[in-house]
Amino acid sequence: MSFINPAKVFVQSLPYTKAIQKGIELSILRLDELHPVISGNKWYKLKLYLQDAIDKKKDTIATFGGAYSNHIVAAAEACKQSNLQSIGIIRGEESAQLSHTLQQAKDAGMQLIFVSREAYKNKEALKQLYAKDTIYWVNEGGTGILGAEGAKEIMRLIDEKFTHIICATGTGTMMAGLIKGSLPHQKIMGINALKHATLQDEMEMMLTNEEKRKQYEIINNYHFGGYAKQTKEQYEYMNELWQAYQLPTDIIYTSKMMFATMDLIEKGIFPEGSKIIAIHSGGLQGNLSLPANILQF
Ligand SMILES: *Cc1c(COP(=O)(O)O)cnc(C)c1O
């Protein structure tokens with residue numbers, strides 16, 4: 001897959017004063033640098049599905065998402081680059097103006113099919129309605145075993161010295177992959193960014209019994225109200241991160257993850273000597289839906 005260049009990913013050290021004072025090292029894996037559109041974790045979650053589709057001689061990927069779904073735009077671009085056609089089943093009626101995300105997916109050649117919120121709940125019925133032999137279906141958010149197995153590869157980019165790996169979660173697929181790839185001295189911490197109530201159960205469905213005995217924890221109190229709820233406080237925090245570290249974050253996932261990481265450091269939950277790496281899972285295109293001039297980057 002020559003359009004993806006993992007060499008662009010790098011580890012950025014974050015000299016956060018409160019971490020330094022407590023003898024804690026803090027870094028972030030800049031997975032957002034992987035590709036301008038197929039950013040961050042989305043590539044890792046999609047890659048094995050795309051390969052499976054090609055192996056099974058399918059010529060179209062069909063998947064699901066909302067109007068601001070990073071998964072939808074990543075799937076559209078990854079399919080374009082892999083010479084596959086793509087269909088996006090989109091939650092909610094088509095609006096007069098497409099969101100930036102959907103416009104970008106459409107520009108990459110994705111056929112968008114809008115379905116009511118009610119119809120969207122029944123994915124099996126939708127699959128039957130649009131069924132075709134040439135279509136390979138991918139779950140919303142790329143969730144499932146192949147998604148998690150793909151995300152396991154992210155751990156190859158992380159030095160063994162790190163003791164805590166922190167990620168933002170939506171479906172929990174990336175987190176499941178990180179757990180699969182983790183070593184006994186490492187703990188995976190998932191920040192539940194979407195107020196997803198059944199996250200733990202759904203995430204653990206992607207783990208074997210042995211993997212369920214590894215070190216991991218889901219943290220539920222940093223969702224800032226849920227998916228599309230944004231506060232002035234959050235914008236200010238994102239601008240502070242930019243000013244202090246030239247670190248751009250997205251409104252839905254990575255800013256909440258960074259806030260949680262710094263807050264947990266301040267609260268003293270990490271022992272002295274901890275080496276923490278947060279994962280910048282991408283999603284920056286989602287900031288285009290914000291009003292202009294709110295963010296400084
Ligand atoms: C999709 C996404 C996530 C969540 O990944 P899951 O595997 O669904 O938990 C986290 N961060 C960003 C930027 C994303 O786009």
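The basis for the numbers below is simple: all heavy atoms, side chains too, and nothing from hydrogens, waters or symmetry mates. Indexing begins at 1, ligand by ligand and atom by atom, following the structure's order. Residues: numbered from 1 along the sequence shown.
Atom 11 (N) of ligand 1 has as its closest protein heavy atom Ser281 OG, 2.7 Å. The closest protein non-hydrogen atom to atom 3 (C) of ligand 1 is Asn41 ND2, 3.4 Å. Atom 13 (C) of ligand 1 has its closest protein heavy atom at Gly282 O, 3.2 Å. Counting only heavy atoms of the protein, atom 1 (C) of ligand 1 lies nearest to Lys42 NZ, 1.6 Å. Looking from atom 8 (O) of ligand 1 to the surrounding protein, the closest heavy atom is Thr171 OG1, 2.6 Å.
Of all heavy-atom pairs spanning Gly170 and His196, the tightest one is O-CD2, 3.0 Å.
Other residues, nucleotides and ligands place more than 12 heavy atoms under 6.0 Å from the NZ atom of Lys161.
Under 4.0 Å is where a charged nitrogen must lie from a carboxylate oxygen, and between Glu272 and Lys22 no such pair does.
Every residue two or more places apart in sequence or in another chain that forms a salt bridge (charged side-chain N to carboxylate O under 4.0 Å, His left out) with Glu124 is listed here: Lys127. With sequence neighbours left out, the salt bridge (charged side-chain N to carboxylate O under 4.0 Å, His left out) criterion links Glu240 to no other residue.
Between Gly286, Gly170, Ala148, it is Gly170 that holds the heavy atom closest to atom 9 (O) of ligand 1.
Residue-level proximity to ligand 1 for Lys45 is carried by the side chain, the only part with a heavy atom below 4.0 angstrom.
Between the side chains of Asn192 and Tyr222, no donor-acceptor pair is found at a separation under 3.5 Å. A donor-acceptor pair shorter than 3.5 Å cannot be found between the side chains of Ser116 and Glu93.
Not a single N or O atom of Met175, backbone or side chain, sits closer than 3.5 Å to an N or O atom of ligand 1.
In the vicinity of Asn70, heavy-atom distances shorter than 4.0 Å reach the ligand 1 atoms 14 (C), 15 (O). Residue Gly283 has at least one heavy-atom neighbour below 4.0 Å for each of these atoms of ligand 1: 13 (C). The contact set between ligand 1 and Gly172, taken as ligand atoms under 4.0 Å from a residue heavy atom, comprises 6 (P), 8 (O), 9 (O). Under a 4.0 Å criterion applied to the non-hydrogen atoms of Thr173, ligand 1 contributes the atoms 6 (P), 7 (O), 9 (O).
Residue contact annotation: Ala168 has a non-hydrogen atom under 4.0 Å from ligand 1.
In this structure a side-chain-to-backbone donor-acceptor pair under 3.5 Å is missing from Gln103 to His100.
In this structure, Phe259 has its ring center under 6.0 Å from that of Phe224.
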